[in-house]
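Input: a single structure, listed below in structure tokens.
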Amino acid sequence: MRLRFTKMHGLGNDFVMIDAISQRVRLTPEKVRQLADRRFGVGCDQVLIVEEPTSPDVDFRYRIYNADGSEVENCGNGARCFANFVRERKLTGKQSIVVQTAAGVMTLNIADGDKVQVDMGAPVLVPAQVPFQANEQAATYAIEADGQQWQVSAVSMGNPHCVLVVDDTETAPVATLGPVLEAHPSFPNKANVGFMQILSRREINLRVYERGAGETLACGTGACAAVVAGRLRDLLDSDVVVNLPGGSLTIQWQGGEHPVVMTGPTAHVFHGQIKI
Ligand SMILES: N[C@H](CCC[C@H](N)C(=O)O)C(=O)O
């Protein structure tokens, strides 16, 4: 199959974007892994596919695959790139784009300049819906991992996140503890693991070991989940600058059922074709 694609990134979290409206696309998990492979393929953290909408009140269907071939519910940096991708390809001229992912429906708003603001919806904290194994909902949970006990928050932004507070993201055990918590039995669908350093009530440093992709330079849903976790612990205010290795995002959350709003840049790298 010959495939046209566009390579984009959000703060270095990189994507192969595929327009499945103007071309027939049949991707198996194996072909996703091949596309994502940084030596034998194009190379990316996630593959994002734009499809025709499945209902009249939605502009597009948006499928998200991790580099390991797993289909997932949501991708924050990907949503920003998606918004610019569909406008760049003149698939829409709207400022506000309604998309359906495996997690449900979300609205992408194009902010000024190259910044894109995304209403990521309200966080889900009920353990069974994250999903996370706990008898009752709490701001933090004690779990055993790697021979130690950790206080973690369990937050869903459509996709599951495990967030812990560390003294210094530079020295945090991301490479060793990340994969252990990603596959921890308390998270039946696995988890993206966020290591958050509190700089002030309005700024954090964050590193994320992503489910199905490993540590990435940035994670949009991870930034949202970290701010939610920080507010649940009363460590953060409602508007927070999140510094990731690839750059900074602005996350706003008023608490409760309010949506988490993420604003940040996107970048176009190149167009290409590949035979897979
Ligand atoms: N690895 C994530 C999907 C991509 C999320 C991330 N790239 C973002 O910007 O939110 C998961 O398995 O839920």
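Note that ligands are numbered from 1 as they come in the structure, with each ligand's atoms numbered from 1 the same way.
Comparing heavy-atom distances from atom 12 (O) of ligand 1 across M120, Q46, R211, M262 singles out R211 as nearest.
Of the protein's heavy atoms, N192 OD1, 3.1 Å lies nearest to atom 2 (C) of ligand 1. For atom 10 (O) of ligand 1, the closest heavy atom belonging to the protein is T221 OG1, 2.6 Å. Scanning the protein for heavy atoms near atom 1 (N) of ligand 1, the closest one is E210 OE1, 2.7 Å.
Polar contact check, C75 against ligand 1: no nitrogen or oxygen pair lies under 3.5 Å apart.
A donor atom on one side chain and an acceptor atom on the other are found under 3.5 Å apart for Q100 and T54.
Remark: the backbone N or O of G212 is paired with a side-chain donor or acceptor of E182 at under 3.5 angstrom. In terms of modelled atom types and a separation under 3.5 Å, the side chain of D68 and the main chain of S70 share a donor-acceptor contact. The main-chain N or O of D234 is found under 3.5 Å from a side-chain atom of R201 such that the two form a donor-acceptor pair. The backbone N or O of D19 sits nowhere less than 3.5 Å from a side-chain atom of R89 that would complete a donor-acceptor pair. Using modelled atom types, no side-chain atom of R211 and backbone atom of A191 make a donor-acceptor pair closer than 3.5 Å. Panel note: side chain Y62, backbone A79; a donor-acceptor pair is recorded below 3.5 Å.
Close contacts of ligand 1 with N77, meaning ligand atoms under 4.0 Å from a residue heavy atom, involve 8 (C), 9 (O). Residue G220 approaches ligand 1 through these ligand atoms, each under 4.0 Å from one of its heavy atoms: 8 (C), 9 (O), 10 (O). Annotation for ligand 1: atoms under 4.0 Å from non-hydrogen atoms of N159 are 2 (C), 11 (C), 13 (O). Heavy-atom contacts of G76 reach the following atoms of ligand 1: 8 (C), 9 (O), 10 (O) (cutoff under 4.0 Å).
Note on ligand 1: A213 sits outside its first shell, no heavy atom being nearer than 4.0 Å. Residue contacts with ligand 1 include N13, since one or more of its heavy atoms lies under 4.0 Å from the ligand. Heavy atoms of N66 come nearer than 4.0 angstrom to ligand 1 in at least one pair. For the pair N74 and ligand 1, a heavy-atom separation below 4.0 Å is found.
A perpendicular orientation is assigned to the rings of F60 and F82, their planes being inclined by more than 60° (bins at 30° and 60°).
Proximity of the aromatic rings of F5 and F270 is defined here by a centroid distance below 6.0 angstrom, and this criterion is met.
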